[in-house]
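Just below is one structure, and these are the notes that go with it.
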2 protein chains.
Amino acid sequence: MSDLLERLRGRGWRMTAQRRVVAEVLDGDHVHLTADEVHARAAARLPEISRATVYNTLGELVSLGEVIEVATDGRAKRYDPNAHRPHQHLVCSGCGTVRDVHPHGDPLADLPDAERFGFTVSQAEVTYRGLCPACA
Amino acid sequence: MSDLLERLRGRGWRMTAQRRVVAEVLDGDHVHLTADEVHARAAARLPEISRATVYNTLGELVSLGEVIEVATDGRAKRYDPNAHRPHQHLVCSGCGTVRDVHPHGDPLADLPDAERFGFTVSQAEVTYRGLCPACA
DNA sequence: TCCTACGATAGACAGAGTCCAAGTCAAGAA
DNA sequence: TTCTTGACTTGGACTCTGTCTATCGTAGGA
């Protein structure tokens, strides 16, 4: 995680307690927190941190490419710090749990030109849905 | 579309003017309207229809499997009446336009057992992103 | 140590969707 | 045809997620 903080400082980020705490909350594998969850965990360490700051910081991390924004349902977006290894998501329809998964094959290659309608297609996101062991 | 109305009646749906209008608005290919757009178009034919009724009716159509709910971004869900032929979606990052597409291959088959973490995986949704000819 | 521009804050605001109590009406029964 | 009833509709309040703005605070350079 200090890696991330170092990279951010290298990019000219002013380092504040709030930004540090948000970055620390997002540390780890298989982390897919909503903005509200990030705020709750950040506030446990730094009680006066505001929602607006959490949203601002998450937005900056996303635009710097350090965090991925995932919309697994129509509800709140989730934030995934595993931005440096391509992957897809497996979502439990019961409890909403999200796991990173690595399918083989390239979904982009499966879309024939005739099905692109003149679009410049740059990305394919796959969301697998099912029930996790606890919900099955 | 009268097909749909017949199927719904066959399932014990009470046929009201509101439900008929919502079903009619969703007729056609490559239709991906938000709830608000459905409401606006329905209200053009039946001015007093309420938002709650549109949401209720869309929810029922989805749970009957006659309409698919698509969350292409973190904003409003879209409703796709093309529920009886499997397909994926191609979304323009510029203007938000959505097209139905039919890639070959089965994304479900690309997810090895070792990457399923004990989940019962039943569905794979692919969202292709890029720029449409008008936005490129 | 002092300055100042960048960052944080609280709270108002907006969009999407849900919920509820009260009124309405489709469709089967008489 | 008329009656009855429970399913359907309505409007408005409410929740949740996210954005914006004016003001205050402070990290880091001079």
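Naming convention: chains lettered A, B, ... in sequence-line order (proteins, then strands); numbering from 1 in each chain. Excluded from the calculations below are hydrogen atoms, water molecules and symmetry mates; all remaining heavy atoms, backbone and side chain alike, are included. All values reported here derive from a predicted model rather than from experimental measurement.
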Would you state whether a donor and an acceptor, one from the side chain of B:Arg51 and one from the base of D:dG11, lie under 3.5 Å apart? no
Whether the side chain of B:Arg14 and the base of C:dA27 hold a donor-acceptor pair under 3.5 Å is what I'd like checked. no
Could you state the [atom1]-[atom2] distance from [X] to [N], rounded to the nearest angstrom?
X	N	atom1	atom2	value
A:Asp73	C:dT18	CG	P	11 Å
A:Trp13	C:dA8	CH2	P	8 Å
B:Asn56	D:dG11	CG	P	13 Å
B:Ile49	D:dG12	CD1	P	16 Å
B:Tyr55	C:dG15	OH	C1'	9 Å
B:Arg20	C:dA26	CZ	P	9 Å
B:Leu46	C:dC25	CG	P	11 Å
B:Lys77	C:dG17	NZ	C1'	7 Å

[N] phosphate, OP1 or OP2: any side-chain N/O from [X] under 4.0 angstrom?
X	N	value
A:Thr16	D:dT26	no
A:Arg19	D:dA27	no
A:Thr53	C:dT9	yes
B:Gln18	D:dT10	yes

Should the pair A:His30 and A:His32 be assigned to parallel (<30°), tilted (30 to 60°) or perpendicular (>60°) ring geometry? tilted
Nearest to the A:Thr57 side chain among C:dA8, D:dT10, D:dT17, which nucleotide is it? C:dA8
